[in-house]
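If you're wondering where the values come from, they're calculated on a predicted model, not measured in any experiment.
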Amino acid sequence: MEPGAPNFFKVVLKNFDVLAGPVLGLVYPLYASIRAIETKSQVDDQQWLTYWVLHSMLTLFELTFAKALQWIPLWPYAKLVVVCWLSCFNGAAYVYEQYLRPLMVNQQNVNVWYVPKGKDPLNKREDIITAAEKYIQEHGTGELQYVLDNAELNRRNGSSYYGYAEEYEY
């Protein structure tokens, strides 16, 4: 064995995170992402899209807290373990299924048709019936039916936008 070989291995082991980080965090995911694009399966697309979102979030976190993270001696190795889990062990798909998807898919939109401006003299808020009667008096039943039909159509189409009368003050 050559005399410089032990020193070379020592340097490689000391800088393992610097060498393995780009390979496990960028090179392999880039290669796998390109392969995922070429397949018809959506499972691998989900894995790699989620990976890149999480990798971006991790990078933003690291850039934001760089001064604090430099004081944590094991941070580069912890990041390497997280990136390795996200990319090589389908951790990104797990994070998506367990945490991101429930937040995004099960959102319930609450759409208020009319919120009264003020209160009556007895300090009671107007209710929806009073608001509907007021709207009918100002615009007629045809306009109310138009707004309700648009709301129903948008509800069926999955849209969260409801067609309000533009000139009416809510």
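- Nearest heavy-atom pair across Pro73 and Tyr77 is O-CD1, 4.3 Å.
- Between the OH atom in Tyr96 and the CG atom in Leu49 there is a gap of 10.0 Å [rounded to 0.5 Å].
- Val82 and Tyr99 end up in the same hydrophobic cluster when Ile, Leu, Val, Met, Phe, Trp and Tyr side chains are linked at under 4.5 Å.
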Exercise for the section: Tell me, with the steps shown, if Phe89 and Tyr94 meet side-chain contact (heavy atoms from CB on, under 4.5 Å). Expected result: CA-CA 9 Å; Phe89 298 102; Tyr94 176 82; over 6 Å; no
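- Side-chain contact check for Asp44 versus Arg35: every heavy-atom pair is 4.5 Å or farther apart.
- Connection of Leu58 to Leu63 is not established within any shared hydrophobic cluster, with ILVMFWY side chains joined at heavy-atom distances below 4.5 Å, either directly or through further cluster members.
- The CD1 atom of Ile37 sits 14.5 Å away from the NZ atom of Lys40 when rounded to the nearest 0.5 Å.
- Note that CD of Glu138 and CD1 of Ile136 are 11.0 Å apart. Values are rounded to the nearest 0.5 Å.
- By the 4.5 Å heavy-atom criterion applied to side chains, Gln46 and Glu97 are counted as neighbours.
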Exercise for the section: Could you give me the CA-CA distance, side-chain angles and deciding distance for Leu26 and His55, then say whether side-chain contact (heavy atoms from CB on, under 4.5 Å) is met? Expected result: CA-CA 9 Å; Leu26 295 173; His55 187 274; 3.9 Å; yes
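- Atoms CD1 and OG1, from Ile34 and Thr39 in turn, are 12.5 Å apart once rounded to the nearest 0.5 Å.
- Of the candidates Leu80, Asn90, Val95, Leu24, Val95 is the only one forming a side-chain contact (heavy atoms from CB on, under 4.5 Å) with Trp85.
- Trp52 has its side chain out of reach of Leu86: every pair of non-hydrogen atoms, C-beta onward, lies at least 4.5 Å apart.
- Minimum interatomic distance between Ala36 and Asp45 (heavy atoms only, all atoms of both residues): O-OD1, 2.9 Å.
- The aromatic rings of Phe65 and Phe61 lie tilted to each other, with the angle between the two planes from 30° to 60°.
- For the pair Ser87 and Gln47, the tightest heavy-atom approach, listed with the atom from each and the gap, is O-NE2, 3.9 Å.
- Met57 contributes atom CE, which lies 11.0 Å from atom OG1 of Thr59 (distance to the nearest 0.5 angstrom).
- Ring-plane geometry between Trp48 and Tyr51 is classed as perpendicular, the angle between the planes exceeding 60 degrees on a 0 to 90 degree scale with a lower cut at 30.
- Side-chain contact, Gln70 with Trp75: no donor N or O sits under 3.5 Å from an acceptor N or O.
- Val83 and Leu30 fall within the same hydrophobic cluster, defined by Ile, Leu, Val, Met, Phe, Trp and Tyr side-chain heavy atoms under 4.5 Å apart, directly or through other members.
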